[in-house]
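What follows is a short report on a single structure.
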Amino acid sequence: MYSLDNYLSFHYINRSNWLRAAVLGANDGIISVSSLAAGVVASGTSRENLIIATVASLIAGALSMSAGEYVSVSSQKDTENADIQREMKELRDMPEFELKHLAKIYEDRGLKPETALMVAKELMEVDPLAAHIRDEL
Amino acid sequence: MTEAKPLQAAFTSGAAFTVGAALPLTVILLAPIERMEYFLYSFSIVFLMVLGMVSAKIGGSKVSVAILRITIWGTLAMGASVAIGYLLGVSIR
């Protein structure tokens with residue numbers, strides 16, 4: 001049953017990252033290899049040649065899919081890391097402004113101005129960078 | 001912000017592609033060569049429906065929506081490649 005400790009285990013959003021990659025891969029594997037095989041069949045070739053072409057497209061497709069996912073997710077990660085670096089610099093250079101900015105974010109989410117400022121102050125005492133990454137980016 | 005994991009994504013999608021591609025490969029090994037195109041297309045639609053079902057179950061979302069979406073878009077994609085082949089003169093016997 002639900003308790004505060006196991007609450008997240010009733011939700012599936014933590015699977016969304018690898019599930020997205022898996023659905024993309026399997027969908028592509030079925031459609032591209034079927035279509036390629038059908039194209040090769042239409043040329044009137046033997047089953048032996050057809051098998052060679054299909055196995056080749058399986059290997060090429062799987063490697064290309066892995067490489068493609070690696071570079072595309074890496075570019076997403078690079079962007080995230082660059083944003084974190086920018087955030088660290090902002091926190092160093094203008095902490096007062098960043099505090100107000102964080103408070104404004106909580107205000108926009110529905111907290112009263114006093115409460116928002118209090119929340120922002122307390123969170124920035126714990127871990128300023130984490131608070132900003134979580135709520136600003 | 002979700003945490004991006006390049007290696008996990010690369011491995012997952014590569015493995016999933018291999019499993020997905022193994023299905024039409026099985027059809028090619030077993031189905032009669034004379035009517036291979038029809039076997040390929042009909043089995044692919046079945047495979048896509050299974051994929052839609054499995055992915056919705058894993059993600060805890062609605063199964064019918066996932067099956068409908070993956071079947072429609074998959075059929076459109078395969079149909080378009082048949083149409084291009086036809087335009088280029090490689091019509092199915």
Side-chain angles (χ1 to χ4, degrees), chain A residues 10-39 41-47 50-51 53-55 57-59 61-81 83 133-134 137, chain B residues 1-25 27-29 31-41 43-45 47-48 50-52 54-55 58-61 66 70 73-75 77-78 80-82 84-86 90-93:
Chain A
F10 290 93
H11 287 261
Y12 295 88
I13 195 66
N14 47 346
R15 295 180 178 174
S16 71
N17 256 335
W18 62 260
L19 183 59
R20 177 203 60 77
V23 172
L24 175 67
N27 187 65
D28 200 359
I30 294 170
I31 293 176
S32 71
V33 172
S34 289
S35 298
L36 179 125
V41 169
S43 74
T45 187
S46 66
R47 189 191 291 268
L50 181 60
I51 292 169
T54 310
V55 171
S57 89
L58 184 154
I59 295 169
L63 294 176
S64 152
M65 177 60 76
S66 296
E69 273 288 311
Y70 185 79
V71 292
S72 86
V73 178
S74 291
S75 77
Q76 182 193 341
K77 197 178 180 181
D78 289 349
T79 311
E80 288 174 3
N81 285 341
D83 251 356
I133 290 169
R134 194 167 52 233
L137 301 183
Chain B
M1 198 161 83
T2 53
E3 212 181 323
K5 296 183 188 131
L7 272 180
Q8 186 202 50
F11 179 77
T12 311
S13 58
F17 187 100
T18 309
V19 174
L23 300 170
L25 182 61
V27 174
I28 280 167
L29 292 172
I33 193 108
E34 307 81 41
R35 314 204 61 68
M36 187 63 88
E37 298 93 328
Y38 303 101
F39 273 92
L40 273 172
Y41 287 125
F43 270 99
S44 295
I45 290 166
F47 297 148
L48 287 173
V50 173
L51 172 61
V54 171
S55 64
I58 294 175
S61 60
I70 206 166
W73 287 106
T75 312
M78 288 188 291
S81 68
V82 174
I84 292 169
Y86 182 77
V90 197
S91 62
I92 286 174
R93 288 160 289 173

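Chain letters run A, B, ... following the sequence lines, proteins first, then strands; residues in each count from 1. This is a predicted model, so every value here is computed, not measured.
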Check your understanding: Hey, does the side chain of A:Ser66 reach the backbone of B:Ala10 with a donor-acceptor pair shorter than 3.5 angstrom?
Key -> yes
Revision key, fill the gap. Nearest heavy-atom contact between A:Ser57 and B:Phe17 is O-CE2, 4.0 Å
Point to revise | CD1-OG1 distance between B:Ile33 and A:Thr45, expressed to the nearest 0.5 angstrom | key: 7.5 Å
Exercise for review: Kindly indicate whether the side chain of B:Phe43, heavy atoms from C-beta on, has any atom under 4.5 Å from the side chain of A:Ser34.
Suggested key: no
Exercise for review: Please tell me if the side chains of A:Ile31 and B:Met78 come closer than 4.5 Å, counting only heavy atoms from C-beta onward.
Suggested key: yes
Practice item. Please name the pair of heavy atoms, one in B:Ala9 and one in A:Glu69, separated by the smallest distance, quoted to 0.1 Å. Key: CB-OE1, 3.2 Å
Practice item. Give, as side chain, backbone, both or neither, the part of A:Ser72 having an atom under 4.5 angstrom from any heavy atom of chain B. Key: neither
Point to revise | A:Leu50, A:Thr54, A:Val33 screened by side chain to side chain contact (heavy atoms under 4.5 Å, CB included) with B:Leu25, the one that passes | key: A:Thr54
**Study point:** Pairs of heavy atoms under 4.5 Å with chain B: top-ranked of A:Gly61, A:Ala22, A:Ser75, A:Ser64
**Key:** A:Gly61
Point to revise | Most chain A-contacting option - heavy-atom pairs closer than 4.5 Å, from B:Ser61, B:Pro24, B:Ala77, B:Gly74 | key: B:Pro24
**Study point:** Side chain / backbone / both / neither for B:Ala66 at chain A, heavy atoms under 4.5 Å
**Key:** neither
Point to revise | Distance, nearest 0.5 Å, that separates CG of B:Leu23 from CD1 of A:Ile30 | key: 5.5 Å
Exercise for review: Would you mind reporting whether A:Ile51 and B:Leu29 have side-chain heavy atoms less than 4.5 Å apart?
Suggested key: yes
Study note, to complete from the structure: Correct closest heavy-atom pair for A:Ala21 and B:Thr12 would be CB-CB, 4.1 Å
Revision key, fill the gap. Minimal heavy-atom distance between A:Ala38 and B:Leu40, with the atoms involved, is N-CD1, 3.6 Å
Review point. Which atoms of B:Leu51 come close to chain A, meaning under 4.5 Å heavy atom to heavy atom: side chain ones, backbone ones, both, or neither?
Key: side chain
Review point. Hey, which of B:Ser44, B:Gly59, B:Ala16 has the most heavy atom pairs under 4.5 Å with chain A?
Key: B:Ala16
Point to revise | Under the salt bridge (Lys or Arg N to Asp or Glu O under 4.0 Å) test, residues paired with A:Arg47 that sit two or more places apart | key: none
Practice item. Could you tell me which of A:Val71, A:Asn27, A:Ile59 has the largest number of non-hydrogen atom pairs under 4.5 Å with chain B? Key: A:Asn27
Exercise for review: Measure B:Ser81 against the heavy atoms of chain A and call it side chain, backbone, both or neither at under 4.5 Å.
Suggested key: side chain
Review point. Who among B:Val54, B:Leu7, B:Ile58 has the most heavy-atom pairs with chain A under 4.5 Å?
Key: B:Ile58
Study note, to complete from the structure: Heavy atoms of A:Leu19 and B:Ser55 approach each other most closely as CD2-O, 3.7 Å
Exercise for review: Sequence neighbours left out, what passes salt bridge (Lys or Arg N to Asp or Glu O under 4.0 Å) with A:Asp83? Give chain and number order.
Suggested key: A:Arg86
